[in-house]
**Q** 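I have a structure here, written as structure tokens, and I will follow up with some questions on it.
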Amino acid sequence: MHLKKRGTVLISTMIVLSLMSILGCFIFKMTKNNNDLGCLYNFDKDRYDLSSSEEQVLNKFMIEMNKERLNDEEWKEDIFSESFNKKIDDNIIEYNKDNNKMLLTTYKEDDVIRKRSIIYSFKGGKIILIPTYNFDDYNK
């Protein structure tokens, strides 16, 4: 009888310690995520950091590419069969066929050149350009 009581105390102690360690890990992850989100709020920008001028430029390129489109399936493969550069104002969108990447180069107000990676997709016969959060800023 004496061994049975000591065994249950040992088991219950192990259960309590494991629950405390799980709770500690959960609290650590939660505070780490809160710190990361707090940094984003303090610097007043999100992960994409997409300005309205950059959004307008991307929309202009999307409209221009959709004007050039044809209503058949050959256009979808034809436009991305080779590398190309298109320019509107001082902004450039370029597609590299070798690595299947599209880059949008824009000029911001404070003499900063931004190169952003763009994903494209087709929906309803139109091309849709989607900005990603991968970008690099350069000075002129």
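Just so you know, these numbers use all the heavy atoms, side chains as well, and skip hydrogens, waters and symmetry mates.
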**Q** Are T105 and E94 close enough, and set up right, to give a side-chain contact (heavy atoms from CB on, under 4.5 Å), and what steps lead you there?
**A** CA-CA 8 Å; T105 306; E94 54 189 319; 3.9 Å; yes
**Q** What's the separation between atom CD in E82 and atom CG in D98, rounded to the nearest 0.5 Å?
**A**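 Interatomic distance, E82 CD to D98 CG, rounded to 0.5 Å: 12.0 Å.
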**Q** So which heavy atom on P131 is nearest to which on L58, and how close?
**A** CD-CD2, 3.6 Å
**Q** Residues two or more places apart in sequence or in another chain: which of them pass salt bridge (charged side-chain N to carboxylate O under 4.0 Å, His left out) with K86?
**A** E68
**Q** Measuring from I27:CD1 to T31:OG1, what's the distance to the nearest 0.5 Å?
**A** 8.0 Å
**Q** Rounded to the nearest 0.5 Å, how far apart are CE of M102 and CD1 of I130?
**A** 11.0 Å
**Q** When rounded to the nearest 0.5 angstrom, what is the spacing between CD1 in I119 and OG in S117?
**A** 6.5 Å
**Q** Examine distances only and state if a side-chain atom of N66 and a backbone atom of I127 form a donor-acceptor pair shorter than 3.5 Å.
**A**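 The answer is yes, because a donor-acceptor pair under 3.5 Å joins these two groups.
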**Q** Under a 4.5 Å side-chain heavy-atom rule over Ile, Leu, Val, Met, Phe, Trp and Tyr, are I92 and L104 clustered together?
**A**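 No, I92 does not connect to L104 through the hydrophobic network.
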**Q** Hey, could you give me the OG1/CD1 distance between T106 and I88, rounded to the nearest 0.5 Å?
**A** 12.5 Å
**Q** Examine I63 and F84 and state if one hydrophobic cluster contains both, with Ile, Leu, Val, Met, Phe, Trp and Tyr joined whenever side-chain heavy atoms are less than 4.5 Å apart.
**A** no
**Q** Can you name the nearest heavy-atom pair linking L129 to M62, along with the distance?
**A** N-SD, 3.3 Å
**Q** By side chain to side chain contact (heavy atoms under 4.5 Å, CB included), which residues pair with D89, not counting sequence neighbours?
**A** K60, N91
**Q** Determine whether F61 and L103 fall in the same hydrophobic cluster, where Ile, Leu, Val, Met, Phe, Trp and Tyr are linked whenever their side-chain heavy atoms lie under 4.5 Å apart.
**A** no
**Q** Please name the pair of heavy atoms, one in K97 and one in S83, separated by the smallest distance, quoted to 0.1 Å.
**A** N-OG, 2.9 Å
**Q** For Y95 and N100, run side-chain hydrogen bond (donor to acceptor under 3.5 Å, both in side chains): C-alpha distance rounded to whole Å, both residues' side-chain angles, the deciding distance at 0.1 Å, then the answer.
**A** CA-CA 7 Å; Y95 174 73; N100 196 22; 2.6 Å; yes
**Q** Can you get from M30 to I22 by hopping between Ile, Leu, Val, Met, Phe, Trp and Tyr side chains that sit under 4.5 Å apart?
**A** no
**Q** Remaining members of M20's ILVMFWY cluster at a side-chain heavy-atom cut-off under 4.5 Å?
**A** V16
**Q** Rounded to the nearest 0.5 Å, what separates atom CG in L23 from atom SG in C25?
**A** 9.5 Å
